[in-house]
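To start, the structure under review is shown below, and the notes come after it.
A, B, ... follow the sequence lines: proteins, then strands. Residue 1 opens every chain. Because the structure is a prediction, the values reported are computed rather than measured.
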Number of protein chains: 2
Amino acid sequence: MKLTDLRIIKTKEALREALLALLNTKALNAITVTEICQLAKVNRGTFYSHYGQIEDLFEEYLEEIMEDLAVSYREPYRHGKPVDPESLNPATIRIFHHIESYKKFYRIVLSKQVPLAYYYLLHGQVCELMKKDVEIQTRIKSDLAMVCAYQANAILGMVIEWHRQDFTKSAVEMNQLLVHILNREFN
Amino acid sequence: MKLTDLRIIKTKEALREALLALLNTKALNAITVTEICQLAKVNRGTFYSHYGQIEDLFEEYLEEIMEDLAVSYREPYRHGKPVDPESLNPATIRIFHHIESYKKFYRIVLSKQVPLAYYYLLHGQVCELMKKDVEIQTRIKSDLAMVCAYQANAILGMVIEWHRQDFTKSAVEMNQLLVHILNREFN
DNA sequence: ATTTTTATTGAACAGTTGTATAATAAAAAG
DNA sequence: CTTTTTATTATACAACTGTTCAATAAAAAT
(Lines give C-alpha, C1' and ligand atoms only; values in the text may rest on other atoms or scores of the structure.)
Protein backbone atom coordinates (compact mmCIF):
# COMPACT_ATOMS: atom_id res chain seq x y z
CA MET A 1 0.00 0.00 0.00
CA LYS A 2 2.16 2.82 -1.23
CA LEU A 3 0.38 6.15 -0.71
CA THR A 4 1.75 7.51 -3.96
CA ASP A 5 -0.19 5.01 -6.09
CA LEU A 6 -2.48 7.03 -8.33
CA ARG A 7 -5.29 4.54 -7.90
CA ILE A 8 -5.24 5.00 -4.14
CA ILE A 9 -5.16 8.77 -4.40
CA LYS A 10 -8.10 8.80 -6.81
CA THR A 11 -10.13 6.39 -4.69
CA LYS A 12 -9.56 8.31 -1.47
CA GLU A 13 -10.37 11.58 -3.16
CA ALA A 14 -13.62 10.20 -4.55
CA LEU A 15 -14.62 8.81 -1.17
CA ARG A 16 -13.92 12.08 0.60
CA GLU A 17 -15.82 14.11 -1.96
CA ALA A 18 -18.77 11.76 -1.67
CA LEU A 19 -18.75 11.99 2.12
CA LEU A 20 -18.57 15.78 2.09
CA ALA A 21 -21.41 15.94 -0.41
CA LEU A 22 -23.56 13.68 1.74
CA LEU A 23 -22.75 15.70 4.85
CA ASN A 24 -24.63 18.58 3.25
CA THR A 25 -27.78 16.50 3.29
CA LYS A 26 -27.57 14.46 6.50
CA ALA A 27 -25.66 13.86 9.72
CA LEU A 28 -22.47 11.79 9.78
CA ASN A 29 -24.04 8.95 11.75
CA ALA A 30 -26.90 8.71 9.27
CA ILE A 31 -24.59 8.13 6.31
CA THR A 32 -23.90 4.56 5.22
CA VAL A 33 -20.81 3.06 3.62
CA THR A 34 -23.01 1.79 0.78
CA GLU A 35 -24.23 5.30 0.10
CA ILE A 36 -20.74 6.81 0.01
CA CYS A 37 -19.48 4.11 -2.33
CA GLN A 38 -22.40 4.48 -4.70
CA LEU A 39 -21.85 8.22 -4.96
CA ALA A 40 -18.07 7.85 -5.24
CA LYS A 41 -18.42 5.04 -7.76
CA VAL A 42 -16.04 2.96 -5.68
CA ASN A 43 -16.51 -0.66 -4.70
CA ARG A 44 -17.57 -1.16 -1.11
CA GLY A 45 -14.76 -3.64 -0.56
CA THR A 46 -12.31 -0.95 -1.60
CA PHE A 47 -13.65 1.35 1.07
CA TYR A 48 -12.91 -1.25 3.70
CA SER A 49 -9.39 -1.78 2.37
CA HIS A 50 -8.68 1.86 3.26
CA TYR A 51 -10.90 2.61 6.23
CA GLY A 52 -12.40 0.58 9.03
CA GLN A 53 -15.45 2.80 9.25
CA ILE A 54 -16.88 6.07 7.96
CA GLU A 55 -15.53 7.93 10.97
CA ASP A 56 -11.97 7.12 9.86
CA LEU A 57 -12.60 8.75 6.51
CA PHE A 58 -13.75 11.94 8.20
CA GLU A 59 -10.87 11.75 10.66
CA GLU A 60 -8.39 11.83 7.81
CA TYR A 61 -9.96 15.09 6.70
CA LEU A 62 -9.92 16.43 10.26
CA GLU A 63 -6.18 15.82 10.44
CA GLU A 64 -5.66 18.12 7.51
CA ILE A 65 -7.77 20.83 9.10
CA MET A 66 -5.59 20.46 12.19
CA GLU A 67 -2.63 21.28 9.95
CA ASP A 68 -4.37 24.50 8.97
CA LEU A 69 -5.02 25.27 12.62
CA ALA A 70 -1.29 24.96 13.23
CA VAL A 71 -0.56 27.38 10.41
CA SER A 72 -3.17 29.85 11.69
CA TYR A 73 -1.85 29.59 15.22
CA ARG A 74 1.76 30.20 14.25
CA GLU A 75 0.88 33.08 11.96
CA PRO A 76 1.44 35.87 14.56
CA TYR A 77 4.93 34.48 15.21
CA ARG A 78 5.95 34.53 11.58
CA HIS A 79 6.76 38.21 11.18
CA GLY A 80 9.52 37.96 13.70
CA LYS A 81 7.64 39.89 16.38
CA PRO A 82 8.59 38.03 19.54
CA VAL A 83 5.01 38.01 20.85
CA ASP A 84 4.65 40.53 23.64
CA PRO A 85 4.27 38.57 26.87
CA GLU A 86 2.20 41.43 28.27
CA SER A 87 -0.42 41.14 25.58
CA LEU A 88 -1.58 37.81 26.83
CA ASN A 89 -1.03 35.19 24.20
CA PRO A 90 -2.25 36.89 21.06
CA ALA A 91 -1.48 33.66 19.25
CA THR A 92 -4.09 31.65 21.05
CA ILE A 93 -6.38 34.17 19.68
CA ARG A 94 -6.15 32.90 16.11
CA ILE A 95 -7.95 29.72 17.16
CA PHE A 96 -11.35 31.36 17.19
CA HIS A 97 -10.80 32.81 13.74
CA HIS A 98 -9.72 29.44 12.40
CA ILE A 99 -12.88 27.84 13.77
CA GLU A 100 -15.04 30.66 12.47
CA SER A 101 -13.70 30.16 8.96
CA TYR A 102 -14.38 26.41 9.16
CA LYS A 103 -17.69 26.90 10.97
CA LYS A 104 -19.58 24.41 8.84
CA PHE A 105 -16.92 21.81 9.46
CA TYR A 106 -16.79 22.36 13.22
CA ARG A 107 -20.52 22.00 13.50
CA ILE A 108 -19.89 18.38 12.57
CA VAL A 109 -16.79 17.93 14.75
CA LEU A 110 -18.71 19.29 17.73
CA SER A 111 -21.96 17.43 17.09
CA LYS A 112 -23.12 15.00 19.74
CA GLN A 113 -23.09 11.74 17.78
CA VAL A 114 -19.51 12.05 16.58
CA PRO A 115 -16.74 10.01 18.28
CA LEU A 116 -14.80 11.64 21.11
CA ALA A 117 -11.65 10.90 19.09
CA TYR A 118 -12.25 14.05 17.05
CA TYR A 119 -12.29 16.16 20.17
CA TYR A 120 -9.07 14.52 21.29
CA LEU A 121 -7.42 15.40 18.00
CA LEU A 122 -8.46 19.01 18.41
CA HIS A 123 -7.38 19.11 22.04
CA GLY A 124 -4.10 17.38 21.26
CA GLN A 125 -3.33 19.90 18.56
CA VAL A 126 -4.09 22.93 20.72
CA CYS A 127 -1.98 21.40 23.51
CA GLU A 128 0.90 20.92 21.15
CA LEU A 129 0.66 24.46 19.82
CA MET A 130 0.48 26.05 23.27
CA LYS A 131 3.34 23.95 24.57
CA LYS A 132 6.12 26.40 23.80
CA ASP A 133 4.23 29.35 25.28
CA VAL A 134 3.26 27.44 28.41
CA GLU A 135 6.83 26.26 28.82
CA ILE A 136 8.01 29.86 29.01
CA GLN A 137 5.18 31.22 31.10
CA THR A 138 4.67 28.57 33.74
CA ARG A 139 6.76 28.02 36.81
CA ILE A 140 5.56 24.44 37.03
CA LYS A 141 8.34 22.54 35.35
CA SER A 142 7.12 19.04 36.05
CA ASP A 143 3.71 18.01 34.71
CA LEU A 144 3.95 20.40 31.81
CA ALA A 145 1.58 18.16 29.86
CA MET A 146 -1.00 18.64 32.60
CA VAL A 147 -0.71 22.41 32.49
CA CYS A 148 -1.01 22.37 28.70
CA ALA A 149 -4.04 20.11 28.86
CA TYR A 150 -5.60 22.49 31.38
CA GLN A 151 -4.94 25.61 29.33
CA ALA A 152 -5.84 24.14 25.97
CA ASN A 153 -9.09 22.66 27.21
CA ALA A 154 -10.10 25.89 28.92
CA ILE A 155 -10.11 27.54 25.50
CA LEU A 156 -11.98 24.59 24.05
CA GLY A 157 -14.54 25.07 26.81
CA MET A 158 -15.26 28.45 25.31
CA VAL A 159 -15.45 26.83 21.88
CA ILE A 160 -18.00 24.33 23.19
CA GLU A 161 -20.13 27.10 24.65
CA TRP A 162 -19.68 29.14 21.47
CA HIS A 163 -20.97 26.20 19.45
CA ARG A 164 -23.81 25.61 21.92
CA GLN A 165 -24.88 29.20 21.28
CA ASP A 166 -24.76 28.34 17.59
CA PHE A 167 -21.73 30.60 16.94
CA THR A 168 -23.80 33.72 17.60
CA LYS A 169 -20.76 35.67 18.80
CA SER A 170 -18.02 36.71 16.38
CA ALA A 171 -14.45 35.43 16.63
CA VAL A 172 -13.38 38.94 17.63
CA GLU A 173 -15.87 38.96 20.51
CA MET A 174 -14.62 35.56 21.60
CA ASN A 175 -11.08 36.90 21.65
CA GLN A 176 -12.09 39.86 23.78
CA LEU A 177 -13.85 37.55 26.20
CA LEU A 178 -10.77 35.34 26.44
CA VAL A 179 -8.56 38.35 27.15
CA HIS A 180 -10.98 39.42 29.88
CA ILE A 181 -10.86 36.01 31.48
CA LEU A 182 -7.08 35.75 31.24
CA ASN A 183 -6.76 39.25 32.72
CA ARG A 184 -8.30 37.86 35.86
CA GLU A 185 -11.59 39.61 35.66
CA PHE A 186 -12.60 36.65 37.77
CA ASN A 187 -11.44 34.69 40.78
CA MET B 1 -45.17 4.71 28.51
CA LYS B 2 -45.47 5.27 32.23
CA LEU B 3 -42.06 4.88 33.84
CA THR B 4 -43.59 3.28 36.91
CA ASP B 5 -44.76 0.20 35.01
CA LEU B 6 -43.02 -2.77 36.57
CA ARG B 7 -42.49 -4.39 33.18
CA ILE B 8 -40.57 -1.37 31.95
CA ILE B 9 -38.44 -1.19 35.07
CA LYS B 10 -37.57 -4.88 34.84
CA THR B 11 -36.76 -4.68 31.14
CA LYS B 12 -34.53 -1.63 31.51
CA GLU B 13 -32.77 -3.17 34.47
CA ALA B 14 -32.09 -6.38 32.57
CA LEU B 15 -30.77 -4.45 29.57
CA ARG B 16 -28.46 -2.34 31.69
CA GLU B 17 -27.10 -5.33 33.57
CA ALA B 18 -26.46 -7.12 30.30
CA LEU B 19 -24.65 -4.11 28.85
CA LEU B 20 -22.49 -3.67 31.94
CA ALA B 21 -21.63 -7.36 31.89
CA LEU B 22 -20.63 -7.19 28.24
CA LEU B 23 -18.55 -4.06 28.86
CA ASN B 24 -16.28 -6.22 30.98
CA THR B 25 -15.45 -8.30 27.94
CA LYS B 26 -15.41 -5.83 25.04
CA ALA B 27 -15.60 -2.18 24.01
CA LEU B 28 -18.93 -0.36 23.76
CA ASN B 29 -18.75 -0.02 19.99
CA ALA B 30 -18.11 -3.75 19.58
CA ILE B 31 -21.29 -4.72 21.43
CA THR B 32 -24.39 -5.49 19.37
CA VAL B 33 -28.06 -5.00 20.24
CA THR B 34 -28.64 -8.68 19.50
CA GLU B 35 -26.01 -9.64 22.04
CA ILE B 36 -27.43 -7.45 24.80
CA CYS B 37 -30.94 -8.76 24.22
CA GLN B 38 -29.84 -12.39 24.25
CA LEU B 39 -28.04 -11.91 27.57
CA ALA B 40 -30.89 -9.85 29.04
CA LYS B 41 -33.49 -12.30 27.74
CA VAL B 42 -35.39 -9.39 26.25
CA ASN B 43 -36.85 -9.21 22.77
CA ARG B 44 -34.86 -7.09 20.37
CA GLY B 45 -37.97 -5.16 19.41
CA THR B 46 -38.41 -4.24 23.07
CA PHE B 47 -34.93 -2.76 23.15
CA TYR B 48 -35.83 -0.46 20.28
CA SER B 49 -39.06 0.60 21.99
CA HIS B 50 -36.92 2.07 24.78
CA TYR B 51 -33.68 3.10 23.11
CA GLY B 52 -32.68 4.20 19.66
CA GLN B 53 -29.23 2.70 19.97
CA ILE B 54 -26.88 1.11 22.48
CA GLU B 55 -25.31 4.47 23.25
CA ASP B 56 -28.63 5.69 24.65
CA LEU B 57 -28.72 2.81 27.11
CA PHE B 58 -25.28 3.73 28.39
CA GLU B 59 -26.19 7.41 28.45
CA GLU B 60 -29.06 6.70 30.83
CA TYR B 61 -26.54 5.13 33.18
CA LEU B 62 -24.16 8.08 32.74
CA GLU B 63 -26.91 10.45 33.81
CA GLU B 64 -27.16 8.64 37.13
CA ILE B 65 -23.41 8.85 37.64
CA MET B 66 -23.70 12.59 37.00
CA GLU B 67 -26.15 12.69 39.91
CA ASP B 68 -23.48 11.14 42.11
CA LEU B 69 -20.97 13.69 40.86
CA ALA B 70 -23.34 16.42 42.00
CA VAL B 71 -23.60 14.86 45.45
CA SER B 72 -19.81 14.51 45.70
CA TYR B 73 -19.29 18.07 44.56
CA ARG B 74 -21.73 19.55 47.04
CA GLU B 75 -20.42 17.48 49.92
CA PRO B 76 -17.97 20.11 51.26
CA TYR B 77 -20.82 22.63 51.40
CA ARG B 78 -23.09 20.40 53.42
CA HIS B 79 -21.60 20.93 56.86
CA GLY B 80 -22.45 24.58 56.80
CA LYS B 81 -18.86 25.71 56.33
CA PRO B 82 -19.19 28.60 53.92
CA VAL B 83 -16.24 27.44 51.80
CA ASP B 84 -13.23 29.63 52.43
CA PRO B 85 -12.70 31.77 49.32
CA GLU B 86 -8.97 31.85 50.11
CA SER B 87 -8.64 28.08 49.89
CA LEU B 88 -9.32 28.06 46.20
CA ASN B 89 -12.46 26.12 45.51
CA PRO B 90 -11.99 23.03 47.64
CA ALA B 91 -15.26 21.80 46.22
CA THR B 92 -13.97 21.44 42.70
CA ILE B 93 -11.51 19.19 44.26
CA ARG B 94 -14.04 16.43 44.89
CA ILE B 95 -14.33 15.88 41.14
CA PHE B 96 -11.07 13.97 40.91
CA HIS B 97 -12.08 11.72 43.78
CA HIS B 98 -15.43 11.03 42.17
CA ILE B 99 -13.72 10.03 38.93
CA GLU B 100 -11.15 7.94 40.76
CA SER B 101 -13.89 5.95 42.46
CA TYR B 102 -15.64 5.37 39.12
CA LYS B 103 -12.36 4.84 37.27
CA LYS B 104 -13.57 1.78 35.40
CA PHE B 105 -16.63 3.67 34.25
CA TYR B 106 -14.71 6.74 33.13
CA ARG B 107 -12.34 4.67 31.06
CA ILE B 108 -15.38 4.00 28.90
CA VAL B 109 -16.73 7.56 28.97
CA LEU B 110 -13.31 8.86 27.92
CA SER B 111 -12.59 6.21 25.29
CA LYS B 112 -12.14 7.39 21.72
CA GLN B 113 -15.00 5.58 20.01
CA VAL B 114 -17.70 6.83 22.36
CA PRO B 115 -20.01 9.70 21.25
CA LEU B 116 -19.06 13.25 22.17
CA ALA B 117 -22.47 13.51 23.83
CA TYR B 118 -21.06 11.80 26.94
CA TYR B 119 -18.37 14.43 27.25
CA TYR B 120 -21.00 17.13 26.90
CA LEU B 121 -23.03 15.61 29.72
CA LEU B 122 -19.95 15.62 31.93
CA HIS B 123 -19.00 19.14 30.94
CA GLY B 124 -22.54 20.40 31.35
CA GLN B 125 -22.73 18.94 34.83
CA VAL B 126 -19.42 20.45 35.96
CA CYS B 127 -20.51 23.80 34.48
CA GLU B 128 -23.75 23.65 36.41
CA LEU B 129 -22.02 22.77 39.66
CA MET B 130 -19.40 25.51 39.34
CA LYS B 131 -21.99 28.09 38.40
CA LYS B 132 -22.67 29.40 41.91
CA ASP B 133 -18.99 29.68 42.74
CA VAL B 134 -18.13 31.37 39.47
CA GLU B 135 -21.02 33.79 39.96
CA ILE B 136 -19.52 34.97 43.23
CA GLN B 137 -15.89 35.02 42.15
CA THR B 138 -16.01 36.56 38.71
CA ARG B 139 -16.35 40.22 37.90
CA ILE B 140 -17.65 39.34 34.44
CA LYS B 141 -21.38 39.54 34.88
CA SER B 142 -22.40 39.04 31.29
CA ASP B 143 -21.38 35.82 29.55
CA LEU B 144 -21.36 33.89 32.78
CA ALA B 145 -22.01 30.71 30.82
CA MET B 146 -18.82 31.32 28.88
CA VAL B 147 -16.75 31.74 32.02
CA CYS B 148 -18.25 28.57 33.48
CA ALA B 149 -17.57 26.65 30.28
CA TYR B 150 -13.98 27.90 30.40
CA GLN B 151 -13.41 26.96 34.02
CA ALA B 152 -15.21 23.63 33.90
CA ASN B 153 -13.43 22.51 30.78
CA ALA B 154 -10.03 23.51 32.14
CA ILE B 155 -10.52 20.96 34.89
CA LEU B 156 -11.74 18.41 32.37
CA GLY B 157 -8.54 19.08 30.43
CA MET B 158 -6.67 17.75 33.42
CA VAL B 159 -9.03 14.80 33.54
CA ILE B 160 -8.31 14.05 29.87
CA GLU B 161 -4.57 14.15 30.49
CA TRP B 162 -5.03 12.09 33.66
CA HIS B 163 -6.86 9.45 31.63
CA ARG B 164 -4.27 9.63 28.86
CA GLN B 165 -1.66 8.78 31.49
CA ASP B 166 -3.90 5.86 32.44
CA PHE B 167 -4.79 7.41 35.83
CA THR B 168 -1.24 6.94 37.10
CA LYS B 169 -1.54 9.90 39.48
CA SER B 170 -3.78 9.74 42.53
CA ALA B 171 -6.80 12.00 42.98
CA VAL B 172 -4.92 13.75 45.80
CA GLU B 173 -2.00 14.51 43.50
CA MET B 174 -4.42 15.83 40.89
CA ASN B 175 -5.90 18.14 43.50
CA GLN B 176 -2.49 19.47 44.48
CA LEU B 177 -1.68 20.10 40.84
CA LEU B 178 -4.94 21.96 40.36
CA VAL B 179 -4.25 24.13 43.39
CA HIS B 180 -0.78 24.91 42.00
CA ILE B 181 -2.24 25.94 38.69
CA LEU B 182 -5.00 28.03 40.25
CA ASN B 183 -2.44 29.70 42.50
CA ARG B 184 -0.89 31.12 39.37
CA GLU B 185 2.29 29.13 39.39
CA PHE B 186 2.05 29.93 35.71
CA ASN B 187 1.41 32.83 33.38
C1' DA C 1 -61.92 -10.63 40.63
C1' DT C 2 -62.75 -8.87 36.26
C1' DT C 3 -61.86 -5.70 32.82
C1' DT C 4 -58.90 -2.64 30.49
C1' DT C 5 -54.66 -1.09 29.17
C1' DT C 6 -50.29 -1.70 27.31
C1' DA C 7 -45.57 -3.68 27.35
C1' DT C 8 -43.47 -7.69 25.51
C1' DT C 9 -42.95 -11.30 22.23
C1' DG C 10 -42.15 -13.78 17.86
C1' DA C 11 -41.85 -13.56 13.22
C1' DA C 12 -40.78 -11.57 9.08
C1' DC C 13 -38.65 -8.05 5.88
C1' DA C 14 -35.46 -5.22 3.23
C1' DG C 15 -31.22 -3.10 3.84
C1' DT C 16 -26.45 -2.56 5.76
C1' DT C 17 -22.22 -4.48 7.48
C1' DG C 18 -17.85 -6.65 7.40
C1' DT C 19 -15.26 -10.24 5.33
C1' DA C 20 -13.35 -13.33 1.73
C1' DT C 21 -12.00 -14.74 -2.97
C1' DA C 22 -11.06 -15.02 -7.77
C1' DA C 23 -10.99 -12.10 -11.89
C1' DT C 24 -9.75 -7.79 -13.77
C1' DA C 25 -7.54 -3.56 -14.77
C1' DA C 26 -4.61 0.03 -13.70
C1' DA C 27 -0.25 1.71 -12.34
C1' DA C 28 4.71 0.99 -11.41
C1' DA C 29 9.06 -1.09 -12.60
C1' DG C 30 12.25 -2.94 -15.76
C1' DC D 1 6.93 -1.71 -24.64
C1' DT D 2 6.60 -5.62 -21.78
C1' DT D 3 6.47 -7.54 -17.41
C1' DT D 4 5.34 -7.36 -12.73
C1' DT D 5 2.93 -5.73 -9.05
C1' DT D 6 -1.14 -4.60 -6.77
C1' DA D 7 -5.42 -1.85 -6.24
C1' DT D 8 -10.04 -2.38 -7.65
C1' DT D 9 -14.05 -4.97 -8.86
C1' DA D 10 -17.86 -8.32 -8.77
C1' DT D 11 -19.93 -11.62 -6.19
C1' DA D 12 -21.31 -14.08 -2.38
C1' DC D 13 -22.11 -14.91 2.60
C1' DA D 14 -23.59 -14.82 7.41
C1' DA D 15 -24.75 -11.58 10.84
C1' DC D 16 -26.80 -7.36 12.53
C1' DT D 17 -30.03 -3.47 11.99
C1' DG D 18 -34.24 -1.08 12.33
C1' DT D 19 -39.04 -1.49 11.55
C1' DT D 20 -43.71 -3.49 11.41
C1' DC D 21 -47.65 -6.24 13.07
C1' DA D 22 -50.64 -9.50 15.15
C1' DA D 23 -50.71 -12.41 19.27
C1' DT D 24 -49.73 -12.75 24.01
C1' DA D 25 -49.06 -11.84 28.74
C1' DA D 26 -48.28 -8.89 32.40
C1' DA D 27 -49.54 -5.02 35.06
C1' DA D 28 -52.86 -1.33 36.21
C1' DA D 29 -57.51 0.24 36.96
C1' DT D 30 -62.17 -0.53 38.32
Side-chain angles (χ1 to χ4, degrees), chain A residues 1-61 108 111-118, chain B residues 1-61 108 111-118:
Chain A
M1 267 246 250
K2 244 193 342 191
L3 323 91
T4 56
D5 193 317
L6 276 183
R7 290 169 294 184
I8 293 178
I9 293 169
K10 282 179 192 170
T11 298
K12 286 193 163 190
E13 205 168 87
L15 289 173
R16 176 183 297 187
E17 286 312 309
L19 176 60
L20 293 180
L22 287 167
L23 279 170
N24 287 321
T25 67
K26 54 176 86 177
L28 184 63
N29 60 328
I31 296 172
T32 69
V33 175
T34 302
E35 230 172 352
I36 293 171
C37 292
Q38 275 172 356
L39 192 57
K41 293 188 181 65
V42 165
N43 189 274
R44 204 162 52 82
T46 306
F47 175 94
Y48 284 109
S49 78
H50 290 297
Y51 307 101
Q53 44 185 333
I54 296 174
E55 282 74 14
D56 300 339
L57 174 55
F58 187 83
E59 186 168 324
E60 200 173 66
Y61 186 45
I108 299 168
S111 66
K112 287 185 180 182
Q113 333 85 26
V114 125
L116 185 55
Y118 298 168
Chain B
M1 269 247 252
K2 246 194 339 191
L3 323 92
T4 56
D5 193 318
L6 275 183
R7 290 170 294 185
I8 294 179
I9 293 169
K10 283 179 191 172
T11 298
K12 287 193 163 188
E13 207 168 85
L15 288 173
R16 177 182 297 184
E17 287 311 310
L19 175 59
L20 294 181
L22 287 168
L23 279 171
N24 287 320
T25 67
K26 53 176 88 177
L28 184 64
N29 60 328
I31 296 172
T32 68
V33 175
T34 303
E35 229 172 354
I36 293 171
C37 292
Q38 275 172 356
L39 192 57
K41 292 187 179 67
V42 165
N43 191 274
R44 205 161 52 82
T46 306
F47 175 94
Y48 284 109
S49 79
H50 290 296
Y51 307 101
Q53 44 185 334
I54 296 174
E55 282 74 13
D56 300 339
L57 174 55
F58 188 83
E59 185 168 327
E60 201 174 64
Y61 185 45
I108 299 168
S111 66
K112 287 184 179 180
Q113 332 85 24
V114 125
L116 185 55
Y118 297 168

Given side-chain contact (heavy atoms from CB on, under 4.5 Å), test B:Ile36 with B:Val33 step by step and report yes or no. CA-CA 5 Å; B:Ile36 293 171; B:Val33 175; 5.7 Å; no
Please report, rounded to the nearest Å, how far the C1' atom of D:dT5 is from the CG atom of A:Asp5. 10 Å
Evaluate B:Asp56 against B:Gln53 for side-chain contact (heavy atoms from CB on, under 4.5 Å), listing each step before the verdict. CA-CA 6 Å; B:Asp56 300 339; B:Gln53 44 185 334; 3.5 Å; yes
Enumerate the protein-to-nucleotides 22-24 of chain D contacts in which both atoms are nitrogen or oxygen and the separation is below 3.5 Å.
none

Within residues 37-51 of chain A, those residues having any heavy atom closer than 4.0 Å to DNA chain C are A:Arg44, A:Tyr48
Walking DNA chain D from its 5' end, the first of A:Thr11 and B:Leu6 to be reached, judged by nearest nucleotide, is A:Thr11
Angle class for the B:Phe47/B:Tyr51 ring planes (parallel below 30°, perpendicular above 60°, tilted otherwise)? tilted
With a 3.5 Å cut-off and heavy atoms only, can you find an N or O donor on one side and an acceptor on the other between the side chain of A:Arg7 and the base of C:dA26? yes
Quick check: closest heavy atoms across B:Ile54 and B:Leu28, and the distance to 0.1 Å? CG2-CD1, 3.9 Å
Using a 4.0 Å cut-off on heavy atoms, which residues in residues 15-36 of chain B reach DNA chain C? List them by number, or say none. none
Where do B:Ile8 and B:Leu3 land on the side-chain contact (heavy atoms from CB on, under 4.5 Å) test, with the steps shown first? CA-CA 7 Å; B:Ile8 294 179; B:Leu3 323 92; 5.8 Å; no
Sugar-phosphate, base or nothing in reach of B:Lys12, heavy atoms under 4.0 Å: nothing
Heavy atoms of A:Leu39 and A:Ala18 approach each other most closely as CD2-O, 3.7 Å
Treating B:Tyr118 as the side-chain partner and B:Ile108 as the backbone partner, does any N or O pair qualify as donor plus acceptor under 3.5 Å? no
I need the CD1-P distance between A:Ile9 and D:dT6, as an integer number of Å. 16 Å
Cationic N near anionic O, under 4.0 Å, B:Glu35 to B:Lys26: yes
